[in-house]
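First comes the structure, then the notes that go with it.
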Amino acid sequence: MKREQLTEKLLDIKREKGWTWKYICDEIGGMSPVLVVGALLGQMKLVKPLAKKAAELFGLSEVEERMLNEVPMRGAGTPMPPTDPLIYRFYELVMVNGPAWKALIEEEFGDGIMSAIDFNMEMVREPNPKGDRVQITMSGKFLPYKYYGNEQGIPDYGFKES
């Protein structure tokens, strides 16, 4: 079985049982729903205790349980630019706002990046009389660039200079 086939199997079971992602995430628990759903869709891995819970919930074999614990090939299967309209809007957000985000982060923190690995994300529904809104909060660790080969007096890292 390939990882893509396991994802399809999980989606088939979800559909057959009439489960919601919320129900599945509550049953598996242990970490952010974004990470649990991402793992079930093949983009993240579940640590062994959570892979075991998922396997029990979905009635998976030992081999399928181990597949949930393997480090995946992240980003596989998503064309660039994305063709799904919802995913494309995130791509559009980065294309349009990315240069401003970069400038503001660098001004505040220095020469570096915001981690997408040491990262938290929350998504909530925000009621609004003109149409409910999607509120997404992202928090990533600032990782400064290391200035290797630097001479005496040159900083080691790209933190904001005073």
Side-chain angles (χ1 to χ4, degrees), residues 2-4 6-8 10-11 14 19-51 53-54 67-162:
K2 302 275 186 221
R3 185 59 185 85
E4 300 80 28
L6 178 55
T7 295
E8 289 305 317
L10 295 170
L11 291 172
K14 176 187 179 292
W19 291 342
T20 63
W21 286 119
K22 180 174 179 2
Y23 169 78
I24 293 167
C25 291
D26 287 348
E27 290 295 307
I28 296 171
M31 59 186 180
S32 162
V34 173
L35 295 177
V36 172
V37 173
L40 297 176
L41 294 176
Q43 296 299 310
M44 301 297 286
K45 75 169 235 171
L46 289 177
V47 294
K48 287 182 179 180
L50 299 185
K53 282 184 165 184
M67 287 177 82
L68 291 175
N69 180 245
E70 292 176 359
V71 176
M73 181 62 73
R74 293 178 174 98
T78 302
M80 290 311 270
T83 56
D84 180 89
L86 194 144
I87 296 172
Y88 181 82
R89 292 301 170 256
F90 285 99
Y91 181 77
E92 182 179 39
L93 279 168
V94 173
M95 286 190 311
V96 172
N97 297 295
W101 295 341
K102 176 180 169 42
L104 292 167
I105 288 170
E106 289 171 347
E107 182 175 87
E108 181 67 26
F109 294 92
D111 183 14
I113 63 169
M114 181 180 88
S115 177
I117 296 170
D118 190 345
F119 181 81
N120 296 320
M121 182 173 167
E122 292 181 28
M123 184 185 70
V124 296
R125 183 182 201 126
E126 186 179 287
N128 187 299
K130 294 181 180 178
D132 290 356
R133 302 178 68 81
V134 179
Q135 181 183 24
I136 297 175
T137 304
M138 297 185 291
S139 173
K141 180 179 182 181
F142 178 73
L143 301 171
Y145 281 101
K146 179 169 177 34
Y147 299 150
Y148 55 90
N150 55 323
E151 298 175 2
Q152 186 175 4
I154 304 300
D156 291 335
Y157 293 95
F159 288 113
K160 182 177 178 181
E161 298 179 62
S162 302

Check your understanding: Does any non-hydrogen side-chain atom of Trp101 lie less than 4.5 Å from one of Val94?
Key -> yes

Check your understanding: With sequence neighbours excluded, what pairs up with Val124 under the side-chain contact (heavy atoms from CB on, under 4.5 Å) test?
Key -> Gln135

**Study point:** Reported CE-to-CE distance for the pair Met121 and Met138, which is rounded to 0.5 angstrom
**Key:** 6.5 Å

Review point. Rounded to the nearest 0.5 Å, what separation is found between the CD1 atom of Ile136 and the CD atom of Glu122?
Key: 11.5 Å

Check your understanding: Which residues satisfy the side-chain contact (heavy atoms from CB on, under 4.5 Å) test with Tyr145, sequence neighbours excluded?
Key -> Asp111, Ile113, Tyr147

Review point. Should we count CD of Glu126 as having more than 12 external heavy atoms under 6.0 Å?
Key: yes

Point to revise | Any side-chain heavy-atom pair of Leu10 and Leu68 under 4.5 Å | key: yes

Check your understanding: Atom CD in Glu70, atom CZ in Arg3: separation rounded to 0.5 Å?
Key -> 8.5 Å

Review point. Tell me, do Leu11 and Leu41 make a side-chain contact under 4.5 Å, heavy atoms counted?
Key: yes

Practice item. State, with a plain yes or no, whether a side-chain heavy atom of Val37 is found less than 4.5 Å away from one of Cys25. Key: yes

Review point. What are the two closest non-hydrogen atoms of Ala76 and Gln43, and how far apart are they?
Key: O-NE2, 3.5 Å

**Study point:** Lys14 side, atom NZ; Thr20 side, atom OG1 - distance, nearest 0.5 Å
**Key:** 7.0 Å

Study note, to complete from the structure: Residue pairs meeting ring-ring contact (aromatic ring centres under 6.0 Å, His included), one or both in residues 108-144, sequence neighbours left out, come to Phe109-Phe142

Practice item. Not counting sequence neighbours, which residues clear side-chain hydrogen bond (donor to acceptor under 3.5 Å, both in side chains) with Glu8? List them please. Key: none

Review point. Around atom CE of Met80, are there more than 12 heavy atoms of other residues, nucleotides or ligands at under 6.0 Å?
Key: yes

Exercise for review: Give a yes or no on whether the backbone of Ser139 and the side-chain of Asn120 come within a donor-acceptor separation of less than 3.5 Å.
Suggested key: no

Exercise for review: Using the test salt bridge (charged side-chain N to carboxylate O under 4.0 Å, His left out), find all partners of Glu106 that sit at least two apart in sequence or belong to another chain.
Suggested key: Lys102

**Study point:** Set of side-chain hydrogen bond (donor to acceptor under 3.5 Å, both in side chains) partners for Asp26, sequence neighbours left out
**Key:** Lys22

Exercise for review: Scan for salt bridge (Lys or Arg N to Asp or Glu O under 4.0 Å) pairs involving residues 79-90, sequence neighbours excluded, and state none if there are none.
Suggested key: Arg89-Glu92

Exercise for review: Under the ring pair (Phe, Tyr, Trp, His ring centres under 6.0 Å) rule, collect the residues that match up with Trp19, sequence neighbours excluded.
Suggested key: Tyr23, Phe58

Practice item. Could you tell me which residues satisfy side-chain contact (heavy atoms from CB on, under 4.5 Å) with Lys130, sequence neighbours excluded, listed by chain and number? Key: Asn128

Practice item. Could you grab the distance from atom CG of Leu40 to atom CG of Leu46, nearest 0.5 Å is fine? Key: 5.5 Å

Study note, to complete from the structure: The complete set of ring-ring contact (aromatic ring centres under 6.0 Å, His included) pairs with one or both residues in residues 75-95, sequence neighbours excluded, reads Tyr88-Tyr91

Exercise for review: State, to 0.1 Å, how close Pro99 and Val96 come at their nearest heavy-atom pair, and which atoms those are.
Suggested key: CD-O, 4.0 Å

Revision key, fill the gap. Closest heavy-atom pair, Ile87 versus Pro82, reported as atoms and distance to 0.1 Å, is CG2-CB, 3.6 Å

Check your understanding: Between Gly158 and Pro144, which heavy-atom pair has the shortest distance, and what is it?
Key -> N-CB, 3.7 Å

Review point. Any idea which heavy atoms bring Pro72 and Gly42 closest together, and the distance?
Key: CB-O, 3.2 Å

Revision key, fill the gap. side-chain contact (heavy atoms from CB on, under 4.5 Å) filter on Leu35, not counting sequence neighbours, yields Met31, Ser32, Met44

**Study point:** Residue pairs, two or more places apart or on separate chains, that pass salt bridge (Lys or Arg N to Asp or Glu O under 4.0 Å) and touch residues 152-162
**Key:** none

Exercise for review: Could you tell me the separation between the CG atom of Leu143 and the CG atom of Asp118, rounded to the nearest 0.5 Å?
Suggested key: 7.0 Å

Review point. For atom NZ of Lys48, is the number of surrounding heavy atoms from other residues, nucleotides or ligands below 6.0 Å larger than 12?
Key: no

